[in-house]
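Heads up, the thing below is written out as structure tokens.
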Amino acid sequence: MASVRVRFAPSPTGNLHLGTLRTALFSWLYAQHHQGVFVLRIEDTDLQRSESYYEHSIFEGLAWLGLDVEEGPELDGVYAPYRQSERAALGLYQAAADQLLEKKMAYYCFCTTEELAAERALAETEGRPYVYSRKALELSEEEIAAKLAAGEPYVIRFKMPANQIITFHDVIRGDISFDSALISDFVLLKSDGTPSYNFACAVDDSAMEITHVIRGEDHISNTPKQLVLYDALGVTVPAFAHLPMILGPDKSKLSKRHGATSVTEYREAGYLPEALFNYMSLLGWSSPDAREIMTRDEIKALFTLERVSKSGAVFDVVKLKWMNGQYIRKLDKTALWDAVKPFISEGTLASLSARYSPDVCEDIIFSVRDNLDVLTDIEQYISVYIDSADTYKEKVLALEFSESDRQVLALFLEHLRTLPGGLSPVDVDRILELILEQTGFGKGKVFKPIRLACSGYPSGPHLPELLSILGKDLLIQRC
RNA sequence: GGCUCCAUCGUCUAGGGGUUAGGACACCAGAUUUUCAUUCUGGCAGCCGGGGUUCGAAUCCCCGUGGAGCUACCA
């Protein structure tokens with residue numbers, strides 16, 4: 001069997017979108033699962049909207065998620081170049097168009113946008129579906145030659161086969177058919193000489209020997225156009241798989257008006273790539289054994305198009321957050337510190353390193369990890385460790401301590417003073433235990449005032465960790 | 001409007017003729033935790049409607065309905 005070649009073909013007209021990313025993810029997974037090749041092709045034929053800045057956003061997004069590209073721009077490969085603008089410069093699309101022109105399967109069209117708009121408007125008022133009138137087909141050879149010589153702008157259109165049912169088998173959805181009579185003679189080459197999407201797509205997919213075209217459901221209606229092109233060009237047709245849409249909460253195609261949609265935004269909001277990868281893989285696909293938390297390798301091994309669902313999936317940030325928390329809690333002390341560090345403000349970082357050694361910094365972060373859903377949550381939970389003396393005073397002065405509270409604090413202070421050496425978490429546990437015995441009070445009556453007096457906060461990390469990190473000296477001052 | 005796709009808890013989904021319709025997030029309750037959080041246990045909640053086919057449909061077929069996508073010299 002021929003080896004699998006899957007392509008991911010985004011256009012660099014915006015930051016890498018979550019929907020686009022999911023297409024990339026499923027394509028990559030499919031290629032990986034079959035030990036195939038994952039190809040990146042940049043579809044930058046829209047000169048107005050394409051920007052190299054966005055191309056980088058695509059590269060970065062893929063790399064961040066760990067979707068390694070085997071063939072693509074900057075990488076070369078047998079099928080280079082991988083940017084359509086570069087392929088156009090090589091005359092690849094022109095050559096294909098010439099071939100169709102010669103076979104009379106395509107033709108020159110000099111119609112202006114105004115003429116076309118008028119045709120369309122007429123069709124609409126008459127309530128019939130619009131297809132191009134084909135008036136350019138009536139032009140004689142001489143007329144065409146004259147217009148060409150005069151430098152009149154033109155496009156090249158494809159001559160759709162008449163009354164034909166075009167059918168293809170979608171790996172996910174089964175057979176899908178279209179009536180060719182309802183499809184207009186679409187443009188192959190635009191008047192600026194660049195290829196239209198459908199043309200470039202078909203030409204390149206065959207040139208690059210793509211075996212599987214995996215893309216969004218929104219491309220289903222483009223497929224018949226590409227099919228007739230494959231046929232006209234006399235090349236092999238790849239397999240198609242149309243993925244369900246990713247939806248916003250209102251069930252319409254996920255877009256900016258739904259909030260954050262670019263991969264960069266999620267990275268900056270403190271999501272881990274492993275979590276996003278895992279969550280996205282479950283949007284339209286499910287594992288055979290109902291597991292949800294899986295490693296990249298596990299997903300890769302389990303992934304098949306047969307288990308991809310047909311209906312659209314609402315992007316649920318709440319579940320993503322939960323999953324991100326799961327991944328955060330899996331990180332060990334050092335990995336957590338590395339992950340979280342870029343999300344701590346400079347000021348906080350400065351006061352942290354001014355007061356604590358690097359080791360203790362890791363302890364601090366680790367002590368609050370259960371509170372983190374996203375990395376950006378970190379700031380709010382570590383303030384207890386770095387509050388200035390003034391801030392602390394302000395907080396404590398607002399509190400009221402009862403007689404029993406004072407009794408507990410006095411005892412605690414006593415134990416601290418008599419403790420030789422530093423204060424370890426185990427020491428804290430022991431002292432707390434002792435006070436419980438000595439006073440006969442319940443846990444709340446003992447722990448609460450100590451937490452309050454020592455930290456100024458009613459809640460926070462576990463007492464042993466919190467107190468041992470704050471340190472004996474500071475606690476003696478505060479009690 | 002035309003064409004096309006889709007339809008199981010609020011959300012993501014499993015289940016493809018006989019199941020108490022399963023899991024996950026969220027939500028609610030309880031337990032553990034000095035506290036927030038974490039963790040654990042339990043609970044709430046679903047087959048869009050109508051016709052067929054069948055001894056028997058969530059499952060197969062048809063029709064409705066609803067939602068979505070496409071309808072460019074964008075991709």
Side-chain angles (χ1 to χ4, degrees), chain A residues 9-14 20 43-46 48-50 84 109 111-113 116-117 120 123-124 127-131 153-157 170 172-173 176-179 182-184 186-198 200-201 215-224 242 244-245 247 249-253 279 282-293 307 309-323 325-326 329 368-373 377 381 432 436 442-452 455 457-463 466:
Chain A
S11 61
T13 53
T20 317
E43 308 222 323
D44 54 351
T45 54
D46 184 340
Q48 265 72 49
R49 294 195 304 148
S50 295
Q84 289 186 329
C109 169
C111 292
T112 63
T113 17
L116 296 173
R120 188 168 294 116
E124 192 163 332
R128 83 186 134 79
Y130 173 71
V131 288
Y154 66 89
V155 298
I156 294 176
R157 287 185 185 271
D170 188 284
I172 296 169
R173 293 153 205 278
I176 301 178
S177 308
F178 297 85
D179 182 351
L182 265 16
I183 301 174
S184 196
F186 57 98
V187 170
L188 262 24
L189 247 32
K190 302 182 253 182
S191 57
D192 63 1
T194 58
S196 70
Y197 164 72
N198 286 113
C201 187
R215 70 220 314 191
E217 186 188 340
D218 45 346
H219 284 288
I220 291 180
S221 44
N222 283 319
T223 312
H242 290 97
M245 222 83 281
L247 278 20
D250 65 352
K251 309 259 191 167
S252 71
K253 190 169 158 181
Y279 176 72
L282 259 15
L283 239 38
W285 175 81
S286 59
S287 71
D289 58 5
R291 255 185 316 159
E292 301 221 321
I293 303 279
R307 293 196 65 83
S309 53
K310 297 197 248 270
S311 45
V314 174
F315 186 84
D316 182 5
V317 200
V318 177
K319 184 154 181 182
L320 205 215
K321 264 196 176 156
W322 164 79
M323 193 170 275
Q326 297 294 307
R329 258 154 252 137
V368 300
R369 75 188 195 289
D370 283 349
N371 292 84
L372 272 30
D373 275 337
D377 286 340
Y381 291 108
L432 257 23
L436 246 23
K443 285 180 178 180
K445 217 170 167 183
V446 171
F447 294 124
K448 220 169 120 192
I450 292 179
R451 169 182 297 282
L452 244 17
S455 74
Y457 290 79
S459 69
H462 289 298
L463 235 25
L466 175 68

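Convention: sequence-line order gives letters A, B, ...; per-chain numbering from 1. Because the structure is predicted, anything quoted here is derived from the model rather than measured.
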Min side-chain heavy-atom separation A/S50-A/P12 under 4.5 Å | yes
*asked:* Applying a 4.0 Å non-hydrogen cut-off, can you work out what A/I176 is touching in the nucleic acid: base, sugar-phosphate, or nothing?
replied: sugar-phosphate
Practice problem: Have a look at A/R291 and say if it touches a base, only the backbone sugar-phosphate, or nothing, with a 4.0 Å heavy-atom cut-off. | Solution: nothing
Answer for the Watson-Crick or wobble partner of B/U35, both distances under 3.5 Å, is none
Main-chain N/O of A/I220 paired to A/R215 side chain as donor or acceptor, under 3.5 Å = no
message: Please classify the nucleic acid contact of A/G325 as base, sugar-phosphate, or nothing, using heavy-atom distances under 4.0 Å.
response: nothing
Taken to the nearest whole Å, OH/A/Y197 to P/B/C74 is 14 Å
A/M245 atom CE is separated from B/C12 atom P, nearest whole Å, by 14 Å
Which whole number of Å gives the distance between the P atom of B/C60 and that of B/C27?
35 Å
For atom C1', what is the distance between B/C70 and B/G10, given to the nearest Å?
29 Å
Between B/C3 and A/S221, is there an OP1 or OP2 to side-chain N/O distance shorter than 4.0 Å?
no
Applying a 4.0 Å non-hydrogen cut-off, can you work out what A/S184 is touching in the nucleic acid: base, sugar-phosphate, or nothing? nothing
Separation of B/G16 atom C1' from A/R307 atom CZ, nearest Å, is 12 Å
- Message: Is the phosphate of B/C25 approached by A/K319 (side-chain N or O, under 4.0 Å from OP1 or OP2)?
- Response: no
In Watson-Crick or G-U wobble terms, with both distances under 3.5 Å, the base opposite B/G66 is B/C6
Inset, instruction - Classify the nucleic acid contact of A/H242 as base, sugar-phosphate or nothing, counting any heavy atom under 4.0 Å across all strands shown. - result: nothing
For A/K319, the side chain to side chain contact (heavy atoms under 4.5 Å, CB included) test, sequence neighbours excluded, returns A/Y279, A/E292, A/D316, A/W322
*With a 4.0 Å cut-off on heavy atoms, is A/S309 in touch with a base, just the backbone sugar-phosphate, or nothing at all?*
sugar-phosphate
Among B/C73, B/U34, B/G69, the one nearest any side-chain atom of A/R451 is B/U34
For B/G16, the nucleotide meeting Watson-Crick or G-U wobble distances (both under 3.5 Å) is none
message: Between A/R157 and B/C73, is there a contact of a side-chain N or O with OP1 or OP2 at under 4.0 Å?
response: yes
With the side chain defined as heavy atoms from C-beta on, A/E292 is closest, among B/A75, B/U13, B/A24, to B/A24
**Request:** Could you tell me whether A/T194 contacts a base, only the sugar-phosphate backbone, or nothing, with contacts defined as non-hydrogen atoms closer than 4.0 Å?
**Result:** nothing
Whole-Å distance, A/Y279 OH to B/A26 P, equals 12 Å
With a 4.5 Å heavy-atom cut-off, do A/S455 and A/L466 have their side chains touching? yes
| Looking for any heavy atom pair under 4.0 Å, which part of the strands does A/G127 touch: base, sugar-phosphate only, or nothing? | nothing
Pairwise C1' distance, B/U65 and B/G50 [rounded to whole Å]: 10 Å
From CG of A/L466 across to C1' of B/A37 the rounded distance in Å is 14 Å
On RNA chain B, more 5' by nearest nucleotide between A/D44 and A/L182 is A/L182
From CH2 of A/W285 across to P of B/A14 the rounded distance in Å is 11 Å
Side-chain contact check for A/H219: nearest option of B/A75, B/U34, B/U11 is B/A75
By the 4.0 Å heavy-atom rule, please label A/S11 as base, sugar-phosphate, or nothing.
sugar-phosphate
Next item on the list: May I ask you to say what A/I220 touches in the nucleic acid, namely base, sugar-phosphate or nothing, with a heavy-atom cut-off under 4.0 Å?
Entry: sugar-phosphate
**Message:** Determine whether a donor-acceptor pair (one donor, one acceptor, N or O, separation below 3.5 Å) exists between the side chain of A/H462 and the base of B/U33.
**Reply:** no
Out of B/C73, B/G69, B/C25, minimum distance to the side chain of A/V187 belongs to B/C73
Exercise. So, does A/S196 use its side chain to make a donor-acceptor pair with the main chain of A/V187 at under 3.5 Å?
Worked result: yes
Sugar-phosphate only, base, or nothing, as touched by A/N222 at under 4.0 Å among non-hydrogen atoms
base
Q) Using atom P of each nucleotide, how far apart are B/A21 and B/C47 to the nearest Å? A) 12 Å
Is the phosphate of B/G67, meaning OP1 or OP2, less than 4.0 Å from a side-chain N or O of A/S311? no
*C1' spacing across the pair B/G22 / B/G46, given as an integer number of angstrom*: 12 Å
Rounded to whole Å, the NZ-P distance (A/K251 to B/C5) equals 20 Å
Report task. Please confirm whether the backbone N or O of A/W285 pairs with a side-chain atom of A/R307, one donor and one acceptor, at under 3.5 Å? Result -> no
Which of B/C5, B/U35, B/C73 is nearest the side chain of A/R173? It is B/C5
- Select base, sugar-phosphate, or nothing to describe what A/F186 touches, counting heavy atoms under 4.0 Å on all strands. nothing
With a 3.5 Å cut-off and sequence neighbours excluded, list the donor-acceptor pairs that the side chains of residues 443-452 of chain A form with protein atoms.
unit_1 : atom_1 : unit_2 : atom_2 : d
A/R451 : NH1    : A/P461 : O      : 3.2
A/R451 : NH2    : A/P461 : O      : 2.9

Report yes or no: does A/R173 contribute a side-chain atom to a donor-acceptor pair with the main-chain N or O of A/H242 at less than 3.5 Å? yes
Per atom distances to the A/D316 side chain, the nearest of B/U11, B/U35, B/A7 is B/U11
When both distances are under 3.5 Å in a Watson-Crick or G-U wobble arrangement, the nucleotide paired with B/A29 is B/U41
Picking from B/U13, B/G23, B/C73, the nucleotide nearest the side-chain atoms of A/K190 would be B/C73
Minimal heavy-atom distance between A/T20 and A/P10, with the atoms involved, is CG2-CB, 4.1 Å
message = Using the C1' atom as the point on both nucleotides, what is the distance between B/C73 and B/G16, in whole Å?
response = 46 Å
Residue pair A/I172/A/S287 against RNA chain B: nearer the 5' end by closest nucleotide is A/I172
ask   = Below 4.0 angstrom from OP1 or OP2 of B/U39, is there any side-chain N or O of A/Q326?
value = yes
| request: Look at all strands and tell whether A/V318 reaches a base, only sugar-phosphate, or nothing, counting heavy atoms closer than 4.0 Å. | output: sugar-phosphate
Of B/U13, B/C73, B/A68, the nucleotide closest to the side chain of A/S252 is B/A68
Handout entry: A/K253 side chain near B/C70 phosphate (N/O to OP1/OP2, under 4.0 Å)
Key = yes
To the nearest angstrom, the NZ-C1' distance between A/K310 and B/G69 comes to 17 Å
query: Does A/K253 use its side chain to pair, donor to acceptor, with the backbone of A/D218 at less than 3.5 Å?
result: no
On a whole-Å scale, what distance lies between the P atoms belonging to B/G67 and B/U35? 49 Å
If pairing means Watson-Crick or G-U wobble with both distances under 3.5 Å, then the partner of B/A72 is none
- Item | C1' atoms of B/U20 and B/A45, separation to the nearest Å | 16 Å
Under 3.5 Å, is there any donor-acceptor pair linking the side chain of A/R329 to the base of B/U38? no
For A/R215, which contact category applies under a 4.0 Å heavy-atom criterion: base, sugar-phosphate, or nothing?
-> nothing
